[in-house]
There are 2 protein chains.
Amino acid sequence: MMNSKTAPFKPVATRKIYQYILEQFVNLVSTGVLKPGDKIPSERELAEIFSVSRPSVREALRVLEIIGLIDIQPGGGAYLKEMELGPFLSVIAPLLFSHENFELELLELRELVEMRAAELLPQTLTEEMLVPMRAALSDMRKALEENDKEAGALADIAFHRALVLMSDSFILQKTLELIVSLFEHSVRGGRSVVLERHEDAEQLMKEHQAIYDALLSNDREKARGLLGSHLQMVRNLYICP
Amino acid sequence: MMNSKTAPFKPVATRKIYQYILEQFVNLVSTGVLKPGDKIPSERELAEIFSVSRPSVREALRVLEIIGLIDIQPGGGAYLKEMELGPFLSVIAPLLFSHENFELELLELRELVEMRAAELLPQTLTEEMLVPMRAALSDMRKALEENDKEAGALADIAFHRALVLMSDSFILQKTLELIVSLFEHSVRGGRSVVLERHEDAEQLMKEHQAIYDALLSNDREKARGLLGSHLQMVRNLYICP
DNA sequence: CCTATATAACTGGTATTACCAGTTGACAGA
DNA sequence: TCTGTCAACTGGTAATACCAGTTATATAGG
């Protein structure tokens, strides 16, 4: 065998065709040339454009589908969308959730993220910044009145999303999205997010309202304290439902 | 168009063939039937086993490759491995790093994770628990003497990995892995992890040593404080290199 | 007998072709 | 105008072939 010292050559990287196609797509998306909603040419057209066979194109599209960058409608076509990790997570979820206590640890991580987001809130909160949070709050109130637990859970998530959004930290937002997605893919996820007892939902609603009020009066410290106890209560609800 | 209220039917979910294959693989891995190192039957065999065509098998394998669950050697075969997010991240990295300050925010998230891990350390630290950390420390010392910056960076990561490992929090470990992987895929990543100035490396080394010493004497509070200032310094080094 | 080389039987990568099932839109008939 | 049909798409799947590698075996040389 030839020693690397005698032959100072570097291995020639041989990438597969689908990787080149993938790279082009990702680059076009990240540079903004391709935007969500855009329609992707048909597989046959792409094969011709890239001068490759249709299977190669399909492998690239398969990956784009898994990373949640395109939506493929059989008979229709493929459309770009805002990247979402759902499809990917639904594949690897069984691997993650085989670990004991994973969901509880997820909640703890969420606590960490949101408490940090609360620290990073801007000095002064304008009325405008609070709009998404207020919307989530009113949604939650309506859901509570109509006893629509599904909508209530969604509004709950929207509230916390709105909070992290105000922190203006890209990575905290992404991390929260990841946590939420993971929770949705958990075994108990679908049910545990939806509160069974009406009084619990009402209690959570009040806590959200209190946090919002504190933020409205620009008392960030108070809001952070309320958020902390709120998250702790959510965790308790999860442990003993 | 038929209203959903007049027709209480639910859409018939039509899953694609590759998804069924994918599901079987993931389930077999998560239940431990298939383990890392196992060789996967050839594409032709799998096609026969599943009674599908080879392209369908290939699409499933393509996804398994992207999620980093198998290693495909052209001409050789496909082997299962411990799941790693590298291949997946290398695809979506351009999408994430198009955001300004993403790397800095990554460091901040790491700070959050490690500080939390330091909180979760067990009450009493046995000699055994500290073995990985001590190993990383000695690696770092050796790398410093030999002026091997590459090895030094690796040992640095290993040190922090060892710290989070002691927290016994699965999700914190996974989150740190994610952060490290993301950093490796960043544009500056490869270079910025490697310190240029020798005196900086020596300084970091001393701080690591101090953290280790504090843990060895079971002074968790002191260790946590040292870790905090250490991480802050790393961030400063990153901002003004 | 042992080693080295050549050969054969694999492997995955890619291309080609074909057919099916579903969607879509235009067009003709009521 | 509405409705049904039909043609031209779309993606999903299959079958087949060939190439370029690897691996194992067998064979020829020492």
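Every chain is numbered from 1 and lettered A, B, ... according to where its sequence line falls, protein lines coming before strand lines.
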Send over the distance from [X] [atom1] to [N] [atom2], rounded to a whole Å.
| X | N | atom1 | atom2 | answer |
| --- | --- | --- | --- | --- |
| Glu43(A) | dA18(C) | CD | C1' | 15 Å |
| Lys39(B) | dT22(D) | NZ | C1' | 10 Å |
| Gln19(B) | dG11(D) | CD | P | 16 Å |
| Ile72(B) | dT14(C) | CD1 | P | 11 Å |
| Tyr79(A) | dG11(D) | OH | C1' | 12 Å |
| Arg44(B) | dC10(C) | CZ | P | 10 Å |
| Leu46(B) | dG13(C) | CG | P | 13 Å |
| Ile70(A) | dG12(D) | CD1 | C1' | 14 Å |

Applying a 4.0 Å non-hydrogen cut-off, can you work out what [X] is touching in the nucleic acid: base, sugar-phosphate, or nothing?
| X | value |
| --- | --- |
| Glu65(B) | nothing |
| Glu59(B) | nothing |
| Leu61(B) | nothing |

Distance check: side-chain N/O of [X] vs OP1/OP2 of [N], anything under 4.0 Å?
| X | N | result |
| --- | --- | --- |
| Arg54(B) | dA14(D) | no |
| Ser53(A) | dT14(C) | no |
| Ser56(B) | dA14(D) | yes |

Q.
Taking Arg44(A) first and then Glu48(A), would you say they form a salt bridge - that is, a charged N and a carboxylate O separated by under 4.0 Å?
A.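 Looking at Arg44(A) and Glu48(A), the cut-off is not met.
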Q.
Salt bridge or not between Arg110(A) and Glu114(A)? Use side-chain N to carboxylate O under 4.0 Å.
A.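 Yes.
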Given [options], the nucleotide with the shortest approach to the side chain of [X]:
| X | options | result |
| --- | --- | --- |
| Arg58(B) | dC19(C), dG13(C), dA15(C) | dG13(C) |
| Lys16(A) | dT14(C), dG11(D), dT10(D) | dT14(C) |
| Arg62(A) | dG12(D), dT11(C), dT16(C) | dG12(D) |

(Q) Is it the case that the side chains of Tyr18(A) and Glu23(A) hold a donor-acceptor pair, with the cut-off being a distance below 3.5 Å and no angle test? (A)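 No - no donor-acceptor pair under 3.5 Å links their side chains.
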Q. So, Gln73(B) and Tyr79(B): side-chain donor and acceptor under 3.5 Å apart, yes or no?
A.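 No donor-acceptor contact under 3.5 Å links the two side chains.
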Q | Residue whose closest nucleotide on DNA chain D lies nearer the 5' end, Ser51(B) versus Gly76(B) | A |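 Closer to the 5' end of DNA chain D: Ser51(B).
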Q. Pick the nucleotide of DNA chain C nearest each of Gln73(A) and Val52(A); which residue has the one closer to the 5' end?
A.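 Residue closer to the 5' terminus by nearest nucleotide: Val52(A).
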Q: Let me know, please, whether Gly75(A) or Pro55(A) comes out on the 5' side of the other along DNA chain C by nearest nucleotide.
A: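 First, find each residue's nearest nucleotide; the 5'-ward one identifies Pro55(A).
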Q. Within a reach of under 6.0 Å around NZ of Lys16(A), are more than 12 heavy atoms found that belong to other residues, nucleotides or ligands?
A.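 Atom NZ in Lys16(A) is crowded, with more than 12 foreign heavy atoms closer than 6.0 Å.
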